[in-house]
J.: 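Following this message is one structure expressed as C-alpha cells.
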Amino acid sequence: MTVNVRFAPSPTGVLHIGSVRTALFNWLYARHNNGKFLLRIEDTDKLRSTDENTRLIFKILEWLQIDWDGDPVIQSSRIERHKEVALDLISKGKAYYCYCTPEELASKKEQCLKENRPYKYDGKCRNGNNNHDSNIKPVVRLKSELEGTTTVKDMVQGEVTVNNSQLDDLVLIRSDGTPTYMLSVVVDDHDMNITHVIRGDDHLTNTFRQIQIYKACGWDIPKFGHIPLIYGPDGAKLSKRHGAASAIDYMQLGYLPEAISNYLLRLGWSHGNDEIISREDAIKWFDFDNVGKSPSRFDMAKLQNLNAHYIKERTNESLLEYMLPFLKYELNNEVKNNILKGMDSLKERAKTIVELAESASIYIKAPEAYEDKCSKYATSMHLDLLNEIVEKIKNNEFSTNEEDLCNSVKEFAGSHNIKLIEIAQAIRGALCGKLASPSVFEIISIIGKEETIKRLESFINHYGQ
RNA sequence: GUCUCCUUAGUCUAGAGGCCUAGGACAUCGCCCUCUCACGGCGACAACACGGGUUCAAAUCCCGUAGGAGACGCCA
C-alpha cells in the first residue's frame with residue numbers, strides 16, 4: 001500500500017499542542033507503512049501568517065524528531081495553480097461566478113435559520129442569471145450536489161453520511177481573486193499525491209464539502225482519518241489559561257521531547273496496557289484501529305510523571321547539557337563536574353528540566369537566603385552542634401568522604417543523645433537554604449571541605465546574633 | 001437552531017456477547033524504606049451517563065433520553 005501523508009499547519013498562530021499530536025500521528029502512520037510524511041505550510045491567510053510562526057513549526061518538529069520528506073510545500077506559492085483549477089471547473093460548468101453580496105447572503109441565511117431549514121446557497125447566479133451590478137467583483141462558487149448523500153469512510157470515525165442538501169455552494173475563489181482554504185487543500189493534497197488525510201476532527205464536516213470538489217475535478221478521493229481534539233482539564237478548548245497550549249511552551253517549561261511525544265501518543269491511542277512506549281515500538285504498533293473516537297483532556301500531572309521517567313532515563317551528561325540554557329549562570333568546569341557527580345540524586349527528584357536546573361544550584365553557589373522553616377533547626381542547641389562539627393571538619397576529625405562522614409555524624413549524634421535528623425536538617429539548611437535536598441553527606445562530599453565550612457559558618461553567623 | 005460526532009473512576013485508557021467480582025496508568029490517601037525531599041516497594045479509594053429492548057447471557061448489539069463537543073465564514 002502506498003502511503004503519503006501530510007501535516008499542514010497554518011502559521012497564523014503558535015503551533016498548538018493538539019496540532020503536534022496530529023503531526024505525530026501522521027508521521028507514525030507514514031513510518032509504520034514505509035510511506036512519506038510531507039509538510040505543507042498553509043500560509044494563504046497572509047494577514048495573519050508570520051515567518052516567526054513558520055520558523056517555530058520547523059523548530060518544534062525538529063525538536064520532537066518528526067522529520068519530513070522532501071522540501072516543505074509553501075501553499076501561497078501555488079495560488080496560480082489553485083486558480084487554474086477553479087477556472088477549469090467553471091469551463092466544465094461545475095462552478096460559477098456569483099455576484100451576490102455578503103449582505104444578501106447573510107439575510108438569506110438568517111431567513112433559513114428562522115424557518116428552521118438548512119441553509120443552502122441557491123442564488124440566481126448558480127443558474128447563469130448574470131443580471132448584476134457590474135461594479136461587483138464576483139466570487140467563484142462550486143456547484144454542489146443538490147440531492148443524494150455523501151459518505152466518508154473515516155479511519156477513525158467509521159462511516160459517516162450526510163445529506164447533500166446540507167452542503168452549500170462553497171466559495172472557491174474570493175472576490176479579491178485569492179483561492180480559499182477549501183480549494184487549496186484539495187488541489188494541494190491531490191497534486192502532492194496524498195493518500196491519507198489525517199487531521200483534527202474539527203475538519204470532519206469540511207470533508208464532505210471537499211469531497212464535492214474532488215468529485216467535480218474528477219480526482220481520486222484520499223482516505224480520511226479525523227482524530228478527536230484535545231481539551232483542557234475543564235473540558236473547554238485547551239488554551240493558555242490552562243497553563244500552556246502551544247508546543248513551544250512545553251519546551252520552555254522543561255519537558256523532554258520524548259516525554260511529550262509519549263504523552264501525546266497515549267492521548268487517544270493505546271496499545272493494550274502499555275504506557276511507556278519507545279519511538280521504535282510506536283512506529284511498529286501505530287495504527288488507526290487503536291485510535292479512540294472520544295475527545296480527551298490534557299492532564300499535566302501525567303505529562304509530568306512521564307517527564308520524570310524520561311529524565312531518569314537520560315544520561316547525566318545529556319541532562320547537564322540540556323539544562324544549561326535553563327541556568328542563569330555561566331558554569332566553569334569544576335561546577336559542571338560537581339553537578340555531574342550529584343546528578344544521579346538530582347535527577348530522581350526532578351519532574352522537569354526547570355526543576356532540575358533549580359535543584360542543581362546547590363552545586364553552583366552558597367544559599368543567598370534561608371527558608372523560614374530553617375530557623376526550626378537553628379536554635380542555640382543546633383548552632384552549638386554545628387560549631388562542633390565545623391571544628392571537627394577543620395581539623396580533619398571528620399572526613400568529607402560521604403560514607404565516612406555519615407558514620408561519624410551518626411556516632412556524634414549518638415554521643416550527644418540527639419536524633420540524626422536534628423543535625424542533618426541543620427546542615428541541610430546551612431548548605432542549601434532549604435530543608436529538602438539530596439543526602440547532606442553526598443552534598444558535602446561533592447562541594448568539599450572548604451565550601452562546606454564556609455556555608456556552615458555563614459549559617460551559624462546568620463542565626464547566631 | 002440545523003447537521004455530525006462522542007459518553008468506562010478526578011484524568012488517560014483496556015474491553016470486539018460469557019474470560020469482568022470490569023484490567024492497567026496518572027492523580028489522591030495509607031504503610032514500608034529513610035538524614036529531609038524525592039525514588040523505590042506494598043496497599044487502599046474510585047467507573048460501564050440514564051431508560052428501555054434483543055439474548056440463556058450485555059460495558060460490549062438495537063432504540064430512545066440526557067449531557068458534552070465540532071461544523072454551519074469571501075478563517076484555516
Side-chain angles (χ1 to χ4, degrees), chain A residues 8-13 42-45 47-49 75 98 102 105-106 109 112-119 137-141 152 154 156-158 160-163 165-168 170-176 178-182 184-185 200-209 226 228-229 231 233 235-237 263 266-276 290 292-306 308 312 345-351 359 377 406 409-410 413 419-429 432 434-441:
Chain A
S10 94
T12 50
E42 304 210 326
D43 60 341
T44 49
D45 184 348
L47 275 177
R48 294 191 298 144
S49 298
Q75 190 162 61
C98 173
L105 264 16
K109 187 174 177 182
C112 286
L113 283 174
K114 219 178 279 173
E115 291 168 19
N116 210 353
R117 62 188 167 91
Y119 167 68
K137 288 200 171 125
V139 298
V140 176
R141 285 182 184 275
V152 179
D154 194 274
V156 177
Q157 310 289 338
V160 185
T161 301
V162 131
N163 263 318
S165 63
Q166 292 291 328
L167 277 18
D168 55 359
L170 64 259
V171 173
L172 301 176
I173 304 283
R174 301 184 189 98
S175 54
D176 68 359
T178 59
T180 59
Y181 160 78
M182 289 291 178
S184 304
V185 189
D201 77 0
D202 48 338
H203 286 291
L204 183 60
T205 49
N206 283 336
T207 305
F208 300 99
R209 296 183 173 81
H226 288 93
L229 268 21
Y231 298 102
K237 222 169 184 170
Y263 178 71
R266 280 287 290 103
L267 217 49
W269 177 87
S270 60
H271 183 264
N273 282 336
D274 293 307
E275 297 288 345
I276 304 291
N290 304 312
K293 289 177 161 192
S294 55
S296 40
R297 298 179 182 207
F298 200 92
D299 182 9
M300 199 68 94
K302 188 146 186 173
L303 207 213
Q304 287 203 346
N305 176 272
L306 240 19
K312 285 181 207 106
S345 304
L346 295 178
K347 74 181 181 187
E348 67 187 22
R349 289 165 167 77
K351 287 197 158 56
S359 71
Y377 295 97
C406 179
V409 173
K410 274 179 181 164
K419 281 187 178 166
L420 180 59
I421 185 171
E422 298 292 334
I423 297 173
Q425 285 298 67
I427 297 176
R428 194 181 320 277
C432 310
K434 54 187 183 181
L435 298 182
S437 80
S439 158
V440 291
F441 308 115

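In what follows, chains carry the letters A, B, and so on, assigned in the order in which the sequence lines appear, proteins first and then strands, with residues in each chain numbered from 1.
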J.: Pairing donors with acceptors under 3.5 angstrom, does anything connect the side chains of A/D176 and A/T178?
T.: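 Yes - a donor-acceptor pair under 3.5 Å links their side chains.
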J.: With C1' as the reference atom in both, quote the distance from B/rC75 to B/rA14 in angstrom, rounded to an integer.
T.: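 Each nucleotide's C1' atom is 39 Å from the other's.
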J.: I'd like the C1' distance from B/rU7 over to B/rA47, given in whole Å.
T.: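 Approximately 12 Å lies between the C1' atom of B/rA47 and that of B/rU7.
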J.: Starting at atom OH of A/Y231, determine the distance to atom C1' of B/rC12, rounded to an integer number of angstrom.
T.: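 Nearest whole value for this atom pair: 16 Å.
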J.: What's the CG-P distance between A/D299 and B/rU13, to the nearest Å?
T.: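 Taking atom P of B/rU13 as the reference, CG of A/D299 is at 11 Å.
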J.: Please report the distance separating the P of B/rG70 from the corresponding atom of B/rC20, rounded so that it comes out in whole Å.
T.: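 The answer is 38 Å between these two P atoms.
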J.: Touch check for A/E275, heavy atoms < 4.0 angstrom, all strands: base, sugar-phosphate only, or nothing?
T.: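 Counting heavy atoms under 4.0 Å across all strands, the contact made by A/E275 includes a base.
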J.: By the 4.0 Å heavy-atom rule, please label A/G268 as base, sugar-phosphate, or nothing.
T.: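 A/G268: backbone/sugar contact only, no base atoms under 4.0 Å.
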J.: Round to the nearest Å and state the distance from A/L204 atom CG to B/rA76 atom P.
T.: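 Rounding to the nearest Å, CG of A/L204 and P of B/rA76 are 19 Å apart.
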J.: Looking only at side-chain atoms of A/Q166, point me to the closest of B/rC3, B/rC5, B/rA76.
T.: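 Ranking B/rC3, B/rC5, B/rA76 by closest atom to the A/Q166 side chain puts B/rC3 first.
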J.: Should B/rC75 form a Watson-Crick or G-U wobble pair with both distances under 3.5 Å, which nucleotide is its partner?
T.: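 Pairing partner: none.
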J.: Start at the 5' end of RNA chain B and walk down; is the nucleotide closest to A/V440 or to A/R266 reached first?
T.: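 Between the two, 5'-proximity favours A/R266.
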J.: By the 4.0 Å heavy-atom rule, please label A/S175 as base, sugar-phosphate, or nothing.
T.: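 The answer is base, as A/S175 lies within the cut-off (heavy atoms under 4.0 Å) of a base atom.
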J.: Report which part of the nucleic acid A/F208 touches: base, sugar-phosphate, or nothing (heavy-atom distance under 4.0 Å, all strands).
T.: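 Answer is nothing: A/F208 stays at 4.0 Å or more from every strand.
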J.: Check every atom of B/rC12, B/rU36, B/rA76 against the side chain of A/Q75 and return the nucleotide holding the closest atom.
T.: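 The answer is B/rA76.
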J.: Closest to the A/L229 side chain: B/rC74, B/rU36, B/rG70?
T.: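 Shortest atom-to-atom distance from the side chain points to B/rG70.
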J.: Starting from P on B/rA25, measure out to OH on A/Y263 and report it in whole angstrom.
T.: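 Taking OH of A/Y263 and P of B/rA25, I get 17 Å after rounding.
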J.: Among A/T207, A/D202, A/D201, A/N206, which residue meets the side chain to side chain donor-acceptor pair (under 3.5 Å) test with A/H226?
T.: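 Of all the options given, the one that passes is A/T207.
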J.: Now, which nucleotide makes the Watson-Crick or G-U wobble pair with B/rA44, with each of the two distances under 3.5 Å?
T.: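 Base-paired to B/rU28.
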J.: Contact between A/E42 and A/V185 at the side-chain level, heavy atoms closer than 4.5 Å - yes or no?
T.: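 Yes; the side chains approach each other to less than 4.5 Å.
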J.: Roughly, in whole Å, what's the span from CG in A/D168 to P in B/rC3?
T.: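 Whole-Å distance recorded here is 16 Å.
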J.: In whole angstroms, how far is the P atom of B/rG15 from the NE2 atom of A/H271?
T.: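 For the pair A/H271 NE2 and B/rG15 P, the rounded distance is 10 Å.
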J.: Can a donor-acceptor pair under 3.5 Å be found between the side-chain atoms of A/S439 and the base atoms of B/rC35?
T.: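 Checked by distance alone, the answer is yes.
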J.: Could you check A/D168 against A/R209 for side chain to side chain contact (heavy atoms under 4.5 Å, CB included), going step by step and ending with a plain yes or no?
T.: CA-CA 8 Å; A/D168 55 359; A/R209 296 183 173 81; 3.4 Å; yes
J.: Apply side chain to side chain contact (heavy atoms under 4.5 Å, CB included) to the pair A/Y377 and A/I427, showing each step before the final yes or no.
T.: CA-CA 9 Å; A/Y377 295 97; A/I427 297 176; over 6 Å; no
J.: Which one is paired to B/rC33, where only Watson-Crick or G-U wobble pairs with both distances under 3.5 angstrom count?
T.: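 Because no pair has both required distances under 3.5 Å, B/rC33 counts as unpaired.
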J.: Would you mind classifying the nucleic acid contact of A/P438 as base, sugar-phosphate or nothing, using non-hydrogen atoms under 4.0 angstrom?
T.: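 A/P438: base contact, heavy atoms under 4.0 Å.
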J.: With both distances under 3.5 Å as the test, what is the Watson-Crick or G-U wobble partner of B/rC50?
T.: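 With both distances under 3.5 Å, B/rC50 matches B/rG64.
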J.: When the distance from CG of A/L420 to P of B/rC35 is rounded to whole Å, what number comes out?
T.: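 That distance rounds to 6 Å.
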J.: Counting any heavy atom closer than 4.0 Å, what does A/R297 reach on the DNA or RNA strands: base, sugar-phosphate only, or nothing?
T.: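 Sugar-phosphate only.
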J.: Under a 3.5 Å cut-off for both contacts, is B/rU4 paired Watson-Crick or G-U wobble with anything, and if yes, with which nucleotide?
T.: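 Checking every strand shown, B/rU4 finds its partner in B/rA69, with both distances under 3.5 Å.
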J.: Which part of the nucleic acid, if any, lies within reach of A/V139 when heavy atoms closer than 4.0 Å are counted: base, sugar-phosphate only, or nothing?
T.: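 Result for A/V139 = base.
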J.: Considering only the P atoms, how many Å lie between B/rA46 and B/rG23, rounded to the nearest integer?
T.: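 Pairwise P distance, B/rA46 against B/rG23, rounds to 12 Å.
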J.: Is the shortest heavy-atom distance from the side chain of A/L170 to the side chain of A/T180 under 4.5 Å?
T.: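 SC-SC contact between A/L170 and A/T180 ruled out.
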J.: Answer with yes or no whether A/N273 presents, from its side chain, a donor or acceptor under 3.5 Å of a partner atom in the base of B/rG23.
T.: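 Yes, the side chain and the base share a sub-3.5 Å donor-acceptor pair.
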J.: Have a look at A/S10 and say if it touches a base, only the backbone sugar-phosphate, or nothing, with a 4.0 Å heavy-atom cut-off.
T.: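 Sugar-phosphate only.
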J.: Suppose we call a contact any N or O donor and acceptor under 3.5 Å apart; does that hold for the side chain of A/K302 and the base of B/rA27?
T.: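 Counting by modelled atom types and ignoring angles, no donor-acceptor contact under 3.5 Å is found here.
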J.: Which nucleotide in the set B/rA27, B/rG24, B/rU36 lies at the smallest distance from any side-chain heavy atom of A/A436?
T.: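 Shortest atom-to-atom distance from the side chain points to B/rU36.
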J.: Give the C-alpha distance, both sets of side-chain angles, the deciding distance and a yes or no for side chain to side chain contact (heavy atoms under 4.5 Å, CB included) between A/I423 and A/V409.
T.: CA-CA 8 Å; A/I423 297 173; A/V409 173; 3.9 Å; yes
J.: Taking the P atom in each of B/rC5 and B/rC63, what is the distance between them to the nearest angstrom?
T.: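 Pairwise P distance, B/rC5 against B/rC63, rounds to 12 Å.
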J.: Reckon A/N206 touches a base, only the sugar-phosphate, or nothing at all at heavy-atom distances under 4.0 Å?
T.: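 Base, at least one base atom sits under 4.0 Å.
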J.: Counting just side-chain N and O atoms, does A/R174 come under 4.0 Å of either OP1 or OP2 of B/rA76?
T.: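 True: A/R174 side-chain N/O within range (under 4.0 Å) of B/rA76 OP1/OP2.
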J.: Return yes if the base of B/rC39 and the side-chain atoms of A/R349 contain a donor-acceptor N/O pair under 3.5 Å, otherwise no.
T.: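 Side chain to base: no pair below 3.5 Å.
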J.: Between B/rG70, B/rU13, B/rU36, which nucleotide has the shortest distance from any of its atoms to the side chain of A/I421?
T.: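 Out of B/rG70, B/rU13, B/rU36, the nucleotide with an atom closest to A/I421's side chain is B/rU36.
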J.: Please determine, for the side chain of A/S294, which listed nucleotide (B/rG40, B/rG73, B/rU7) has the closest atom?
T.: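 The listed nucleotide nearest to A/S294's side chain is B/rU7.
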J.: If the C1' atom of B/rA9 is compared with that of B/rA25, how far apart are they to the nearest Å?
T.: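 It comes out at 13 Å once rounded to the nearest Å.
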J.: With the side chain of A/Y181 defined as its heavy atoms from C-beta on, choose the nearest nucleotide among B/rA76, B/rC35, B/rA69.
T.: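 The nucleotide sitting nearest to the side chain is B/rA76.
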J.: For B/rA76 and B/rA71, measure between their C1' atoms and round to the nearest Å.
T.: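 The same atom, C1', in both gives a distance of 13 Å.
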J.: Under 4.0 Å between any heavy atoms, over every strand shown, what does A/T44 touch: base, sugar-phosphate, or nothing? Just pick one.
T.: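 Sugar-phosphate: the residue A/T44, judged by heavy atoms under 4.0 Å, touches backbone atoms but no base.
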J.: I need the single residue from A/P9, A/S10, A/S49 that forms a side chain to side chain contact (heavy atoms under 4.5 Å, CB included) with A/D43. Which is it?
T.: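 Single side chain to side chain contact (heavy atoms under 4.5 Å, CB included) partner of A/D43 among A/P9, A/S10, A/S49: A/S49.
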J.: Nearest whole Å is fine: how far is B/rA27 P from A/N305 CG?
T.: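 Atom-to-atom, A/N305 to B/rA27, this comes out as 5 Å.
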J.: Does A/K434 reach a base, just sugar-phosphate, or nothing at all? Heavy atoms under 4.0 Å.
T.: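 The residue A/K434 makes no contact with any strand.
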J.: Using a 4.0 Å heavy-atom cut-off across all strands, classify A/H226 as base, sugar-phosphate, or nothing.
T.: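 A/H226: no heavy atom of the nucleic acid under 4.0 Å.
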J.: In the strands shown, is B/rC56 matched to any nucleotide by a Watson-Crick or G-U wobble pair with both distances under 3.5 Å, and which?
T.: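 Paired with B/rC56, as far as the under-3.5 Å criterion goes, is B/rG18.
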J.: Which of these nucleotides, B/rU36, B/rC39, B/rC5, is closest to any side-chain atom of A/V160?
T.: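 For the A/V160 side chain, the nearest candidate turns out to be B/rC5.
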J.: Which is true for A/L435 with a 4.0 Å heavy-atom rule: it touches a base, it touches only sugar-phosphate, or it touches nothing?
T.: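 Base contact.
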J.: With distance as the sole criterion, do the side chain of A/T205 and the base of B/rC72 form a donor-acceptor contact below 3.5 Å?
T.: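 No pair found.
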J.: How far, in whole Å, is B/rA49 from B/rG67 if one measures between their C1' atoms?
T.: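 B/rG67 and B/rA49 have their C1' atoms separated by 8 Å.
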J.: NA contact type, A/T161, heavy-atom cut-off 4.0 Å: base, sugar-phosphate, or nothing?
T.: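 Result for A/T161 = sugar-phosphate.
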